[in-house]
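Quick notes on the structure that follows.
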Amino acid sequence: MIGEAATDAVRLRGVEYKWTARDEFSFSIDQFEVARGERLLLLGASGSGKSTLLGLLTGLVSPHSGSLEVLGTRLDRLSGGARDQFRAEHFGIIFQMFNLLPYGAVIDNVMLPLSFAPERRARATAAGGTQSEAWRLLSALGLPADIGQKKAAALSVGQQQRVATARALIGSPEIVVADEPTSALDEDRQQDFLELLFGQIEATQATLIMVSHDRRLAQHFTRVIQLDDILTTSKSGARA
Ligand SMILES: Nc1ncnc2c1ncn2[C@@H]1O[C@H](COP(=O)(O)OP(=O)(O)OP(=O)(O)O)[C@@H](O)[C@H]1O
């Protein structure tokens, strides 16, 4: 890839999106970029559109207009299936509620994305094997050696969060997206978790995009944006 766009992890121009099912929430973004290797925190109140924006960036939903480029690929021009494939290959996602398979063993939860992402699988294999990469990440994230065969549902919230993080990091995806991953933790544990996450992100030089309502996290990031500064939103009854 050549040119300015190739340096960006994410590049949006004139994007508009609208939920119609519930309350006709809509938003538009004139211009927004995330550079490769950035650690970006997006701050916004509850209901301000943080998860919706992450859904757009990761291709879970597609904009109604405008252009959305991720790692040089126009996501808005891909089919739903192609966006799913792209997401699996290039994004590690730490969901707000973690979304682990509750009755799956921890080790299987961590390796799951590799079933849908041949490039990530190849990187994990080259790093010493998929299982050993999963074990390495679990241990790097401070989890005990015997945790791999436990069911995800049997873990504490803090442990589930680390398993979800290992799952997001396996196979070194270029972009890691985290939706309020520290909201269930007290301040000391937040700090520990962020240090472990940043350590792993730096090792792979991934781009990190985290959304939160908690401005105390700001000190840990290379850039902090208020969602209001990039999004124009409207709800039913006050349509744009
Ligand atoms: N699947 C959906 N269908 C219809 N409307 C939705 C859907 N998901 C979100 N919305 C609406 O979009 C708006 C923004 O929601 P969103 O979840 O993006 O905000 P948020 O900032 O992530 O909130 P929170 O911090 O509470 O998770 C809300 O008005 C919500 O009702």
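Numbering of ligands and ligand atoms starts at 1, following listing order.
Using a 4.0 Å cut-off between heavy atoms, Gln96 contacts ligand 1 through its side chain alone, with no backbone atom that close.
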Would you check, one step at a time, whether the test side chain to side chain donor-acceptor pair (under 3.5 Å) holds for Asp76 with Ser67?
CA-CA 6 Å; Asp76 54 287; Ser67 69; 5.4 Å; no
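Taking a 4.0 Å cut-off on heavy atoms, Gly55 fails to register as neighbouring ligand 1.
Note on Glu69 versus Arg74: no salt bridge recorded, every NZ/NE/NH1/NH2 to OD/OE distance being 4.0 Å or above. A salt bridge is defined here as a Lys NZ or Arg NE, NH1 or NH2 lying under 4.0 Å from an Asp or Glu carboxylate O, and Asp84 with Arg87 meets this definition. The residues Glu202 and Arg39 are annotated as salt-bridged, a charged nitrogen and a carboxylate oxygen being separated by less than 4.0 angstrom.
For ligand 1, one of its N or O atoms has an N or O atom of Gly49 under 3.5 Å away.
Considering only non-hydrogen atoms, atom 23 (O) of ligand 1 lies nearest to Gly47 out of Gly44, Gly47, Ser48. Considering Ser26, Ser51, Ala45 only, the shortest heavy-atom separation from atom 17 (O) of ligand 1 involves Ser51. Nearest residue to atom 10 (N) of ligand 1 from Phe27, Phe25, Trp19 is Trp19 (criterion: closest heavy atom).
Side-chain N/O atoms of Ser26 and Trp19 include no donor and acceptor closer than 3.5 Å.
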